[in-house]
Structures are given as C-alpha cells and as structure tokens.
Q: 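Handing you a structure now.
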There are 2 protein chains.
Amino acid sequence: MSTLAGIDQVFSALADATRRDIVRRAIDGTEGVAELAEHYPMSFAAVQKHVAVLERAGVITKERTGRRKVVRTNLDGLLIARRLLDTYEDLWRGRYGRMTDLITDRKETHA
Amino acid sequence: MSTLAGIDQVFSALADATRRDIVRRAIDGTEGVAELAEHYPMSFAAVQKHVAVLERAGVITKERTGRRKVVRTNLDGLLIARRLLDTYEDLWRGRYGRMTDLITDRKETHA
DNA sequence: CGCTGATACAACCGTACGGTTGTATTAATG
DNA sequence: CATTAATACAACCGTACGGTTGTATCAGCG
C-alpha cells in the first residue's frame, strides 16, 4: 500500500539537493530522521518535512525499529521517474528512426 | 553553449504535467510556441513561460525559422536527470550486491 | 508511572511559482 | 515603410514551498 504517487510529486521531490542527498543516504536504510538531520545545516523539523515530502512521493519509506524510524529509499518510486525519461528517449530515437527511414528509403541527398 | 543547467532545474522543470507534455510534443521539433499554446487551456503567455522554464533547464531549445521559433526537446538535458536516477539504481543494486555477497559467502540460512 | 529520546505536527514568515493582462520587440509581407 | 504575425517581457495576484520555533504524540527505560 501507499508508495503510489504521481509523477509531479516524484519529480518535484527530487528537485531539491537536500532531498536528493537524503535519498542517496537512505539507500543503505540505516539512519533515522534525527541521524539524517545531523548532516544538514538546518533544523530537525526542516529535515523531517523533507522526509515527509519524499515519503508522500513514494520515494522513501519509514520503518519503525525501536524508538526510531529508519528511512529507506524505495526504488519503485524512483522507477516512476525513470520510466518517463525512458519513454522520452524512446520517442526521440523513434523520431530519428523515422528520419533515417526516409533518408535510406528515398536516397535523398540535398537539404 | 547553453543547454547546461542544474539538476534542480531539470527536475523541477519536469515536475509539471503541462511542461512534460510540451517536452513530449517538442520531440518532433515542428511546432512553434503559438502552436504549442493551442493545445492547452491557458493563455499564450503562460505557455511561453513554461517553454522558458524548460529552455533555462536545458530540456528544450528554440530555433528561429522564419518568424516562428521552433521548439525542440534536447535529449542531453533529459540525460542529466536520467544519469542521477541511474546512479541511485546502481547504488541500490550495489547494496543488494553486498547483501547477497554476505549471504552466499557464509551460507547463512535463517533471518 | 514518570522521564527522556525520537518523531510528528501546527503556526508563522518570506520568497518563488503558475497563472493572468498588457505592452514591447522582432521579422516577414503588401 | 507600415502592418501584422510571433515571440518576449513586466507587473500583478493567489497559493505553495522551504525554512523557522513551539508544542504534541509515542515508544522505551529506570
């Protein structure tokens, strides 16, 4: 459940250097919110908000262990963004594919 | 020159459905700003601003042809975002690689 | 139970953002 | 060269965003 989010949320979540760094750090899935917060020159609450944004976007998840909540990045969330970019790339190559088709088909030479 | 932009700008540029649609349409590289604007339920100026955001992010380029300026998506700009996501994926797999290493090395069975 | 650690949430503040309308620039055309 | 099509830019408005401080919840420990 959860983990589902819109493309808007995923991209805007990743459009912030602090949040991207949190995503990177959370790949190991070892640090809690407080530990993460120590890495950044801002208040704990600010980092907690960043984590909340990432969680709402489905890019990270939180798992309770003891009194902490360990933050772990969710690859499926990131894949939403990646698939879109892949689609763009495919369309792009398709466009060039079509262009080369035209060229090779009709043996056109000049502009 | 130009086309260079920060990761923040690329991701936040793509964090808007209208702009993503412009990127998709501009893959063909045939429409000008006014033609693009006709697809959306907003003013020409609004679309022009969206195009400007995408251009500043290096995700699209504009090329003057006659009195129009044809909008064309720039794959290199999109690749900035893709590379970051690839990095996350690599780190992620690396993490699992390390985990499986531990498992296969020591023939551990239970949790 | 009472305390302390860890996380969450609410209210507030300045700034950036997405939209509008209106005006300026630029380039083809009669 | 005056006109008009196409694009750009500026000013303005409401809302969302990133940060702050302060308070509330919630789980473990003595």
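Letters go in sequence order (proteins before strands), and every chain restarts at 1. All figures in this text were calculated on a predicted structure; none of them were measured in a lab.
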Q: Reading DNA chain D from 5' onward, which residue's closest nucleotide shows up sooner: A15(A) or G66(A)?
A: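 That would be A15(A).
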Q: Phosphate oxygens OP1/OP2 of dT20(D): is one of them under 4.0 Å from a side-chain N or O of S43(A)?
A: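 Answer yes for this pair, as a side-chain N or O of S43(A) is under 4.0 Å from OP1 or OP2.
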Q: Quick one: do R68(A) and E31(A) make a salt bridge, cutoff under 4.0 Å?
A: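 Salt bridge: no.
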Q: For the pair made of CE in M42(B) and P in dC13(D), what is the distance, rounded to whole Å?
A: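 Interatomic distance, CE of M42(B) to P of dC13(D): 21 Å.
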Q: Measure CD/Q48(A) against P/dC9(C) and give the value in whole Å, please.
A: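 That distance rounds to 7 Å.
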Q: Within the structure shown, what part of the strands sits under 4.0 Å from A45(B) by heavy-atom distance: base, sugar-phosphate, or nothing?
A: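 Since a base atom lies under 4.0 Å of A45(B), the category is base.
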Q: Does a nitrogen or oxygen in the side chain of K69(A) sit under 4.0 Å from OP1 or OP2 of dA8(C)?
A: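 So the side-chain polar atoms of K69(A) do come within 4.0 Å of the phosphate oxygens OP1 or OP2 of dA8(C), strictly under.
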Q: Give the nucleotide from the list dT20(C), dA6(C), dT7(D) with an atom nearest to the side chain of R68(A).
A: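 The closest nucleotide is dA6(C).
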Q: Whole angstrom is fine here: how far is it from CD in E31(B) over to P in dA6(D)?
A: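 Taking CD of E31(B) and P of dA6(D), I get 13 Å after rounding.
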Q: From CZ of F44(B) over to P of dA8(D), roughly how many Å is that when rounded to an integer?
A: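 Checked: the CZ to P distance equals 7 Å.
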Q: What distance do F44(A) atom CZ and L36(A) atom CG have between them, rounded to the nearest 0.5 Å?
A: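 F44(A) atom CZ to L36(A) atom CG measures 9.5 Å (nearest 0.5 Å).
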Q: In whole angstroms, how far is the P atom of dG18(D) from the CZ atom of R56(A)?
A: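 After rounding, the reported distance stands at 10 Å.
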Q: Within less than 4.0 Å of OP1 or OP2 of dA8(C), is there a side-chain N or O belonging to K62(A)?
A: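 Yes, K62(A) has a side-chain N/O under 4.0 Å of OP1/OP2 on dA8(C).
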Q: Just verifying a value: how many Å separate L85(B) CG and R83(A) CZ, rounded to the nearest 0.5 Å?
A: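 CZ of R83(A) is found 11.5 Å from CG of L85(B).
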Q: So does R72(B) pair up with D28(B), basic N to acidic O under 4.0 Å?
A: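 No, no charged N to carboxylate O under 4.0 Å.
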Q: Output the rounded distance in Å from OH (Y40(A)) to P (dG18(D)).
A: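 Rounding to the nearest Å, OH of Y40(A) and P of dG18(D) are 15 Å apart.
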Q: Once hydrogens and angles are ignored, does a donor-acceptor distance under 3.5 Å link the base of dA28(C) to the side chain of R67(B)?
A: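 Answer yes: a donor N or O sits under 3.5 Å from an acceptor.
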Q: Drop me the distance from I27(B)'s CD1 to L91(A)'s CG, to the nearest 0.5 angstrom.
A: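 Between atom CD1 of I27(B) and atom CG of L91(A) there are 4.5 Å.
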Q: Let me know the distance between CG of L36(A) and P of dA6(C), rounded to the nearest Å.
A: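 Result: 13 Å.
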Q: Here's a test of your reading of the structure: between K49(A) and V51(B), which maps to the more 5' nucleotide of DNA chain D?
A: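 In this pair, the answer is V51(B).
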Q: What is the distance, rounded to the nearest whole Å, between atom NE2 of H50(B) and atom C1' of dG19(C)?
A: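 Rounded to the whole Å, the gap is 8 Å.
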Q: Would you mind classifying the nucleic acid contact of A46(A) as base, sugar-phosphate or nothing, using non-hydrogen atoms under 4.0 angstrom?
A: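 Touches a base.
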Q: Kindly say if R64(A) contacts the phosphate of dA6(C), meaning a side-chain N or O under 4.0 Å from OP1 or OP2.
A: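 For dA6(C), OP1/OP2 do not have a side-chain N/O of R64(A) under 4.0 Å.
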